[in-house]
Enquirer: 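My structure is below; once you've seen it, I'll send some questions.
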Amino acid sequence: MMRQPVALITGGRQGIGQAIVKQLAKVGFAVAFTARNSNDDCAELIAYCESVGSRACYIPNDLADISGHCALLDQVISWGGGLDCLVNNAGISSLARGDLLELTTESFDQVMTVNVRGTLFLSQAVAKLMLETSAECYRSIITISSVSALMASPERADYCMSKAALAMFNKTLALRLAGDNIGVFELRPGIIKTSMTAGVANRYEQHIQEGLVPAKRWGIPEDIASAVVPFAQGYMAFASGSAIELDGGLSINRL
Ligand code: NAP
């Protein structure tokens with residue numbers, strides 16, 4: 001009997017990651033997901049995945065702690081029997097918004113440690129694992145970066161730098177894995193309504209009203225989750241190394 005494809009989503013407990021967990025469960029993936037919170041058993045989210053005919057497993061895991069990546073992957077493999085898709089979604093914003101000239105080493109280090117270092121080394125471990133198994137079936141590594149990979153926000157320069165680093169990581173990883181039937185993609189959300197943007201929601205609301213986003217609305221987590229599916233399922237396999245903006249036109253240069 002064919003094994004059910006397995007996806008691992010980092011930061012799947014809430015926000016964009018949670019929508020990705022639900023969407024991948026709906027299209028037939030068994031979904032393992034991580035987050036930092038160990039007090040939550042994510043029973044509701046797991047029950048949702050079961051209600052759409054799939055299965056799910058929550059594994060509390062700090063992406064920043066690279067020594068824990070091996071145990072995480074062992075757990076995923078023993079639960080799911082393999083790993084076909086990694087979605088690098090977990091990420092944090094700057095500790096505080098403010099003048100670039102006042103950026104702290106603490107904020108820079110935390111943002112880089114989670115967003116870049118954690119994502120890079122988890123992906124490296126997953127890539128090695130995927131290479132150990134057959135190249136006949138398609139696998140994928142999908143990174144949720146941001147329009148901030150290219151659009152500058154001087155009030156959170158460290159966050160933008162971290163996403164720009166992921167953009168180059170995506171290309172280099174895609175080159176490394178292109179011959180092994182592993183698709184590597186970067187998705188760049190714009191302004192999405194989640195807890196990450198809750199603190200500046202009023203400001204963004206006003207900018208959106210004033211026309212910042214051509215689509216004239218906030219993005220919702222489902223806008224990102226639905227776009228993950230064709231990359232995870234292999235419909236976009238030949239586009240490996242590509243980045244796609246999911247931002248309602250926000251990043252289109254205008255006169
Ligand atoms: P969110 O609502 O704050 O959710 C982030 C998730 O990542 C949470 O589940 C959180 O865990 C998890 N996480 C954070 N640090 C972690 C760590 N060290 N180890 C494991 N998990 C960790 O944020 P979001 O808006 O959904 O963002 C998801 C991704 O989209 C991020 O990479 C973000 O940069 C990117 N993005 C967001 C927007 C936006 O407008 N919202 C725009 C562009 C890009 P807990 O649940 O335990 O806290």
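The first residue of the sequence shown is numbered 1, and numbering continues consecutively from there. Just so you know, ligand 1 is whichever comes first in the structure, and atom 1 is the first atom listed for that ligand.
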Enquirer: Of the choices G190, S146, G11, which has the non-hydrogen atom that lies closest to atom 38 (C) of ligand 1?
Expert: G190
Enquirer: Say whether R188 and ligand 1 are in contact under the criterion: heavy-atom distance to a ligand atom below 4.0 Å.
Expert: no
Enquirer: With no hydrogens and no angle check, is any side-chain donor or acceptor of Q18 less than 3.5 Å from a backbone partner on R13?
Expert: yes
Enquirer: Would you mind listing which atoms of ligand 1 come within a distance below 4.0 Å of any non-hydrogen atom of I144?
Expert: 30 (O), 32 (O)
Enquirer: Which of the numbered atoms in ligand 1 are below 4.0 angstrom from a heavy atom of I92?
Expert: 14 (C), 15 (N)
Enquirer: Would you please determine whether T10 falls within less than 4.0 Å of ligand 1 on a heavy-atom basis?
Expert: no
Enquirer: For atom 18 (N) of ligand 1, what's the nearest protein heavy atom and its distance?
Expert: D62 OD1, 2.8 Å
Enquirer: Counting non-hydrogen protein atoms only, what is the nearest one to atom 40 (O) of ligand 1? Give residue, atom name and distance.
Expert: I192 N, 2.9 Å
Enquirer: Identify, for atom 23 (O) of ligand 1, the protein heavy atom at the shortest distance, and state residue, atom and that distance.
Expert: M196 CB, 3.7 Å
Enquirer: Using a distance-only test with no angle check, is there a side-chain donor-acceptor pair under 3.5 angstrom linking N89 and T10?
Expert: no
Enquirer: Taking E186's backbone N and O only, do any of them form a donor-acceptor pair with R188's side chain (distance below 3.5 Å, no angle check)?
Expert: no
Enquirer: Compile the donor-acceptor pairs under 3.5 Å between side chains in residues 206-215 and protein atoms, sequence neighbours left out, one pair per line.
Expert:
residue : atom : partner : partner atom : Å
Q206    : NE2  : E210    : OE2          : 3.0
Q209    : NE2  : E205    : OE2          : 2.9

Enquirer: In sequence, state the C-alpha distance, the side-chain angles, and the governing distance for D65 and R117, and then conclude on salt bridge (charged side-chain N to carboxylate O under 4.0 Å, His left out).
Expert: CA-CA 9 Å; D65 179 9; R117 193 170 180 270; over 6 Å; no
Enquirer: Is a donor from one side chain sitting under 3.5 angstrom from an acceptor on the other, for T194 and Q14?
Expert: no
Enquirer: For ligand 1, which part of V114 has a heavy atom less than 4.0 Å away: the side chain, the backbone, both, or neither?
Expert: side chain
Enquirer: Okay, side chain of R156, backbone of A152: is any donor-acceptor separation there less than 3.5 Å?
Expert: no
Enquirer: Any atoms of ligand 1 less than 4.0 Å from a non-hydrogen atom of A90? List them with their elements.
Expert: 7 (O), 13 (N), 21 (N), 22 (C), 32 (O)
Enquirer: Please classify the Q18 to ligand 1 contact at 4.0 Å (heavy-atom distances, strictly less than): side chain, backbone, both or neither.
Expert: neither
Enquirer: Quick one: look up the protein heavy atom nearest atom 46 (O) of ligand 1 and list residue, atom name and how far away it is.
Expert: R13 NH1, 2.5 Å
Enquirer: Tell me which protein heavy atom sits closest to atom 20 (C) of ligand 1, plus the residue, atom name and distance to 0.1 Å.
Expert: N61 O, 3.1 Å
Enquirer: Which residue from Q14, K193, R36 reaches closest to atom 47 (O) of ligand 1 through any of its heavy atoms?
Expert: R36
Enquirer: Would you please classify the geometry between the F185 ring and the F231 ring as parallel, tilted or perpendicular, with 30° and 60° separating the classes?
Expert: tilted
Enquirer: What protein heavy atom sits nearest atom 37 (C) of ligand 1, and how far away is it?
Expert: I16 CD1, 3.7 Å
Enquirer: Below 3.5 angstrom, do we get any N/O pair linking L63 and ligand 1?
Expert: yes
Enquirer: Given 3.5 Å as the limit, does a donor-acceptor pair link the side chain of S148 with the main chain of M151, or not?
Expert: no
Enquirer: Does V147 reach ligand 1 with a nitrogen or oxygen that is under 3.5 Å from one of the ligand's nitrogen or oxygen atoms?
Expert: no
Enquirer: Enumerate the atoms of ligand 1 whose separation from the nearest heavy atom of N37 is less than 4.0 angstrom.
Expert: 47 (O)
Enquirer: In residues 41-53, what donor-acceptor pairs under 3.5 Å come from side-chain atoms, sequence neighbours left out?
Expert:
residue : atom : partner : partner atom : Å
D41     : OD1  : A43     : N            : 3.1
S51     : OG   : Y48     : O            : 2.6

Enquirer: Can you find an N or O of T194 that's nearer than 3.5 Å to an N or O of ligand 1?
Expert: yes
Enquirer: Between S251 and D247, do the side chains contain an N or O donor and an N or O acceptor separated by less than 3.5 Å?
Expert: yes
Enquirer: Counting from 1, what ligand 1 atoms have a heavy atom of T197 closer than 4.0 Å?
Expert: 39 (C), 40 (O), 41 (N)
Enquirer: Can you figure out which of S195, G219, G15 has its heavy atom closest to atom 1 (P) of ligand 1?
Expert: S195
Enquirer: Can you tell me the protein heavy atom closest to atom 34 (O) of ligand 1 and the distance?
Expert: Y159 OH, 2.6 Å
Enquirer: Just to be sure I'm reading this right: ignoring hydrogens, which of S145, G91, C42, S93 gets closest to atom 35 (C) of ligand 1? Compare them by their nearest heavy atoms.
Expert: S145
Enquirer: Cut-off 3.5 Å, side chains only: do S54 and Q4 have a donor facing an acceptor?
Expert: yes
Enquirer: Ignoring hydrogens, just give me the one of N89, V87, I224, N115 whose non-hydrogen atom is nearest atom 29 (C) of ligand 1.
Expert: N89
Enquirer: When you check the side-chain N and O atoms of N88 and T119, is any donor under 3.5 Å from an acceptor?
Expert: no
Enquirer: Begin from the C-alpha positions of D180 and R139 and carry the test salt bridge (charged side-chain N to carboxylate O under 4.0 Å, His left out) through to its verdict.
Expert: CA-CA 9 Å; D180 293 284; R139 280 78 50 87; over 6 Å; no
